[in-house]
J.: 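Just dropping this structure here.
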Amino acid sequence: QVQLVESGGGSVQSGGSLRLSCAASGVTGSSISMAWFRQAPGKEREGVAGIVSDGRTTYADSVKGRFTISRDNTKNTVYLQMNILKPEDTAIYYCAAVCNADYNGGLQRLYDCTYWGQGTQVTVSS
């Protein structure tokens, strides 16, 4: 059984940083695609960042240059380093695994993920 457990959320002021972690069990993280999504109150869930088995990454335009997704295969863990946080980054962040990938001209996005974590709240105050 695949389980994803997120951690690292919290409250931070605008311009600050947080690092989210997603520990995967029941699957070898290095062999699968994993992604971070977020959902703000009253808004639809959106993809934030994704990483596929060969290490290629993709990011939403709104976070490019500020967020970095990475993985530690020895710990079966994926991270989301979030810098220069803005109030509009406030949302519940979800880790997801085993996703479809859109490779149109290069890795574009991950979608239709099979497994999901419980979510972790990130709040950025101005």
Side-chain angles (χ1 to χ4, degrees):
Q1 181 178 359
V2 176
Q3 287 192 322
L4 304 174
V5 179
E6 302 107 331
S7 61
S11 297
V12 65
Q13 289 191 329
S14 182
S17 299
L18 284 173
R19 188 178 80 157
L20 305 182
S21 300
C22 174
S25 60
V27 66
T28 301
S30 61
S31 66
I32 61 172
S33 57
M34 297 187 72
W36 288 95
F37 291 77
R38 67 186 180 186
Q39 187 165 20
K43 294 188 177 181
E44 293 187 355
R45 184 173 61 194
E46 63 173 350
V48 176
I51 185 167
V52 294
S53 57
D54 65 4
R56 278 181 286 179
T57 58
T58 182
Y59 298 92
D61 288 342
S62 59
V63 306
K64 282 180 181 177
R66 300 188 298 122
F67 290 12
T68 303
I69 188 170
S70 62
R71 69 200 313 166
D72 184 338
N73 295 333
T74 64
K75 297 181 179 179
N76 231 21
T77 299
V78 170
Y79 303 97
L80 185 67
Q81 177 66 45
M82 305 185 294
N83 298 327
I84 316 175
L85 282 161
K86 305 175 181 180
E88 51 263 44
D89 294 318
T90 295
I92 299 175
Y93 283 71
Y94 298 92
C95 174
V98 187
C99 312
N100 288 328
D102 179 359
Y103 285 101
N104 184 22
L107 181 60
Q108 299 296 323
R109 67 184 182 106
L110 299 184
Y111 63 100
D112 286 349
C113 302
T114 302
Y115 302 102
W116 292 84
Q118 80 287 354
T120 185
Q121 177 71 48
V122 171
T123 303
V124 185
S125 58
S126 57

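What's counted below: heavy atoms across the whole structure, side chains too, no hydrogens, waters or symmetry copies. Because the structure is a prediction, the values reported are computed rather than measured. Throughout, residue positions are numbered sequentially from 1 according to the sequence presented.
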J.: If we only count heavy atoms from C-beta on, is the Leu20 to Val122 side-chain gap below 4.5 Å?
T.: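 Heavy-atom side-chain distance check passes, below 4.5 Å.
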
J.: Shared ILVMFWY cluster between Phe37 and Met34, side chains joined below 4.5 angstrom?
T.: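 As far as the 4.5 Å side-chain criterion goes, Met34 and Phe37 are not connected within one cluster.
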
J.: Just grab all the side chain to side chain donor-acceptor pair (under 3.5 Å) pairs involving residues 115-125, residues at least two apart or on different chains.
T.: Glu6-Gln118, Gln121-Thr123

J.: Check for a donor-acceptor pair, side chain of Thr77 on one end and backbone N or O of Asp72 on the other, with a separation under 3.5 Å.
T.: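 Looks like no, no N/O pair under 3.5 Å.
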
J.: What I want to find out is whether Asp89 reaches Lys86 closely enough, with some N-O distance under 4.0 Å, to be called a salt bridge.
T.: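 No salt bridge links Asp89 with Lys86.
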
J.: Please tell me if the side chains of Phe67 and Leu85 come closer than 4.5 Å, counting only heavy atoms from C-beta onward.
T.: yes

J.: Quick one: CG on Asn76 to CD1 on Ile32, what's the gap to the nearest 0.5 Å?
T.: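 The CD1 atom of Ile32 is 7.5 Å from CG of Asn76, to the nearest 0.5 Å.
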
J.: State, to 0.1 Å, how close Leu110 and Cys99 come at their nearest heavy-atom pair, and which atoms those are.
T.: CB-CB, 3.9 Å

J.: Which heavy atom of Trp36 sits nearest a heavy atom of Cys22, and at what distance?
T.: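 The answer is CZ2-CB, 3.6 Å.
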
J.: Grab the two heavy atoms, one from Ala24 and one from Leu4, that are nearest each other, plus how far apart they are.
T.: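 Here Ala24 and Leu4 meet closest at CB-CD2, 3.7 Å.
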
J.: Is there a donor-acceptor contact under 3.5 Å from the side chain of Tyr59 to the main chain of Ile69?
T.: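 The answer is yes, because a donor-acceptor pair under 3.5 Å joins these two groups.
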
J.: Heavy atoms, side chains only, cut-off 4.5 Å: are Leu18 and Tyr93 in contact?
T.: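 Side-chain contact under 4.5 Å: no.
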
J.: At what distance, to the nearest 0.5 angstrom, does CZ of Arg109 lie from CD of Glu46?
T.: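 The distance works out to 13.0 Å.
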
J.: Roughly how far apart are Arg19 CZ and Leu80 CG, rounded to 0.5 Å?
T.: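 Arg19 atom CZ to Leu80 atom CG measures 10.5 Å (nearest 0.5 Å).
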
J.: Is Val63 close to Met82 at the side-chain level, that is, under 4.5 Å between some pair of heavy atoms?
T.: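 When only atoms from C-beta onward are counted, Val63 and Met82 do not touch, as no gap falls below 4.5 Å.
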
J.: Let me confirm one number: the CD1-OG distance from Ile84 to Ser14, rounded to the nearest 0.5 Å.
T.: 10.0 Å

J.: Do Val52 and Leu107 touch side chain to side chain, with heavy atoms closer than 4.5 Å?
T.: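 Sidechains of Leu107 and Val52: in contact.
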
J.: How close do Gln39 and Arg45 get, heavy atom to heavy atom, and via which atoms?
T.: NE2-N, 3.8 Å

J.: What are the two closest non-hydrogen atoms of Gly117 and Tyr94, and how far apart are they?
T.: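 Nearest heavy atoms, Gly117 then Tyr94: O-CD2, 3.7 Å.
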
J.: From Tyr103 OH over to Thr58 OG1, what is the distance, rounded to the nearest 0.5 angstrom?
T.: 10.0 Å

